[in-house]
2 protein chains.
Amino acid sequence: MKTRDKIILASLELFNERGERNVTTNHIAAHLAISPGNLYYHFRNKSDIIYEIFLEYEKLVNYYLQIPDDRPLTLEDMMFYLESVFDGLWSYRFFHRDLEFLLDSDERLREDYRKFTSRCLDAIGQIFNGLADGGVIEAQPPELRSAMSLNVWLVVTNWMAFLKTAHGSDLSDQPSIHKLKQGIYQVLTLELPYLMPEYRETVLALRDKYRPELPETRSSRLLTSE
Amino acid sequence: MKTRDKIILASLELFNERGERNVTTNHIAAHLAISPGNLYYHFRNKSDIIYEIFLEYEKLVNYYLQIPDDRPLTLEDMMFYLESVFDGLWSYRFFHRDLEFLLDSDERLREDYRKFTSRCLDAIGQIFNGLADGGVIEAQPPELRSAMSLNVWLVVTNWMAFLKTAHGSDLSDQPSIHKLKQGIYQVLTLELPYLMPEYRETVLALRDKYRPELPETRSSRLLTSE
DNA sequence: TCAAACCTAGAGTATATACTCTAATCACAA
DNA sequence: TTGTGATTAGAGTATATACTCTAGGTTTGA
């Protein structure tokens, strides 16, 4: 693999593990056993590495969020989108963590991320429309649809952060891809009231598969009371 | 005012304005025109200042989230809680920004924040129960109630972050207490489907007051499409 | 085969940051 | 007045961090 790609990969890995704030360019170089000079030959600065990672994240999400507009959407479609989105969220989980700082220090990223958000909100809306066409959920006035989409976006993009802050310091209940997907449970909760009656049971059953397991972990205790 | 209190106040102000990551202890001292030595006479380290601020934040929220359990809740109660919570969120808006890093570097804060979250989720649940008792919203099975409360929490605590990332670099659409309160619109959106029919119109009207104004600002454009 | 382009090492630097240390000053009670 | 404890100034330090510079090695293609 090319050094440039190795740098991107190693950075993503370290960022995800330790948080962008705790990973320096020297760490990245050391991790790859290359010199700092070498790293800076390939990237002008740390922001450039992050920007490059963002572009890949964007590409991935754009790929999964191509919504067909020539046919209505099914429940399977919806679950596919949810699974894909949370997979992406896991792979690039560092990103939404220090987001505000990243955007503050890179104008280009700020602008691109704004557009990215906008496209995602749009895609969520389209999915809802497709599901309404497919008779899975009720039709809604566009204003409600937009507000709903935004709520879905908020829940999806911040579920990881919630997990991180909700668990204790012991490693036993550290976030994992499995726990992350409990976010799907939360998103389905948002959709419940708008389901057409004939889909209600099916979705409730689906949703139950993502329910946080009760055997008294800290994060599940949070969901009930302490 | 005592120097110690001045330090807390100035820190909060600077953190809110520039983000905790961009504010050093030297900045704080300089801002107050005191020496670093003086600052460190009053606080062992930066984390201690942050922890102290957290305690005040916690106190404020606890104060507003005392839910009466001897009477049902009204719509006015609910709006009071929402307004109060968003006011608090605004006053301590730096806090949820670099949250994960803060918790990583202070075990005590991590533990306290976990309990804080837990109490807040509980309070949200109690509010819903109270509103159900008051005939404002439908009764719900506890499992749905918990999931709903968690969604409200996610929307509330991350609305500020969304605003920050959604606006452009020009100052015109910078977050403000006014924009922050559009978060109330989002929360009310979550509640809409569970309202008792006789409250529906009233809440829709209330909600409309918090609706993002349309005159083509960037953030409102985000809410529709781009 | 040879030069140009590409890649890499590694020492080094300017700046920032959290924090320390000592000596001085202040407030105030005896 | 004087002594004592609380407060403050300000120079200073160890470490970290992003990034630079030079010199040398490696590939590639003509």
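Convention: sequence-line order gives letters A, B, ...; per-chain numbering from 1. What you see below is based on every heavy atom in this structure, not just the backbone, and it leaves out hydrogens, waters and symmetry mates. Since the structure is predicted, the reported quantities are computational estimates derived from the model, not experimental observations.
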Q: Working to the nearest 0.5 Å, report the span between CG of A:Leu102 and NE2 of A:His96.
A: 10.5 Å
Q | Nucleotide C:dA27, atom C1' - distance to NZ of B:Lys2 in whole Å | A | 11 Å
Q: Could you state the atom-to-atom distance from CZ of B:Arg44 to C1' of C:dC21 in whole Å?
A: 18 Å
(Q) I need the NZ-P distance between A:Lys46 and D:dA16, as an integer number of Å. (A) 15 Å
Q: Check whether the side chains of A:Thr165 and B:Tyr113 place a donor and an acceptor atom closer than 3.5 Å, and report yes or no.
A: no
(Q) Just verifying a value: how many Å separate B:Lys2 NZ and B:His42 NE2, rounded to the nearest 0.5 Å? (A) 9.0 Å
(Q) Using salt bridge (charged side-chain N to carboxylate O under 4.0 Å, His left out), reason through B:Asp48 and B:Arg108 one step at a time and then give a plain yes or no. (A) CA-CA 10 Å; B:Asp48 268 12; B:Arg108 185 183 43 165; 3.0 Å; yes
Q. Between CG of B:Leu131 and CE of B:Met78, what distance do you get to the nearest 0.5 Å?
A. 6.5 Å
Q: Could you tell me the separation between the CG atom of B:Leu39 and the P atom of C:dT17, rounded to a whole number of Å?
A: 15 Å
Q: Starting at CG of A:Leu73, measure out to CD of A:Gln126 and round the result to the nearest 0.5 Å.
A: 9.0 Å
Q: Measure from the side-chain heavy atoms of A:Thr24 and tell me the nearest of C:dA18, D:dC19, D:dT17.
A: D:dT17
Q.
Measuring from atom NZ of B:Lys209 to atom CG of B:Leu188, what distance do you get when rounded to the nearest 0.5 angstrom?
A. 11.5 Å
Q | Among A:Tyr92, A:Phe94, A:Tyr57, ring-ring contact (aromatic ring centres under 6.0 Å, His included) partner for A:Phe15 | A | A:Phe94
Q: Give the rounded distance in Å between these two atoms: CG of B:Asn45 and P of C:dA18.
A: 10 Å
Q. D:dT13 P sits how many Å from B:Tyr40 OH, rounded?
A. 17 Å
So which protein N/O to nucleotides 8-11 of chain D N/O distances come out below 3.5 Å?
residue : atom : partner : partner atom : Å
D:dT8   : OP1  : B:Thr3  : OG1          : 2.9
D:dT8   : OP2  : B:Thr3  : OG1          : 3.0
D:dT8   : OP2  : B:Asn38 : OD1          : 3.3
D:dT8   : OP2  : B:His42 : NE2          : 2.9
D:dT8   : O5'  : B:Asn38 : ND2          : 3.1
D:dA9   : OP2  : B:Ser35 : N            : 2.9
D:dA9   : OP2  : B:Ser35 : OG           : 3.3
D:dA9   : OP2  : B:Asn38 : ND2          : 3.1
D:dA9   : N7   : B:Ser35 : OG           : 3.0
D:dG10  : O6   : B:Gly37 : N            : 3.4

Q.
OP1 or OP2 of D:dA18 versus the side-chain N and O atoms of A:Thr25: is any pair under 4.0 Å?
A. yes
Q.
What is the distance, to the nearest angstrom, from the CD1 atom on B:Ile50 to the P atom on C:dA18?
A. 9 Å
Q: Return the value, rounded to whole Å, for the distance between atom CZ of A:Phe43 and atom C1' of C:dC7.
A: 14 Å
Q: Ignoring the backbone of B:His27, work out which of D:dT17, C:dA18, C:dT17 is nearest its side chain.
A: C:dT17
Q: Answer yes or no for A:Arg21 and A:Phe101: cation-pi contact, defined as NZ/CZ to six-membered ring centre under 6.0 Å and angle to ring axis within 45°.
A: no
Give me the distances for all protein-to-nucleotides 24-28 of chain D N/O pairs that come in under 3.5 Å?
none

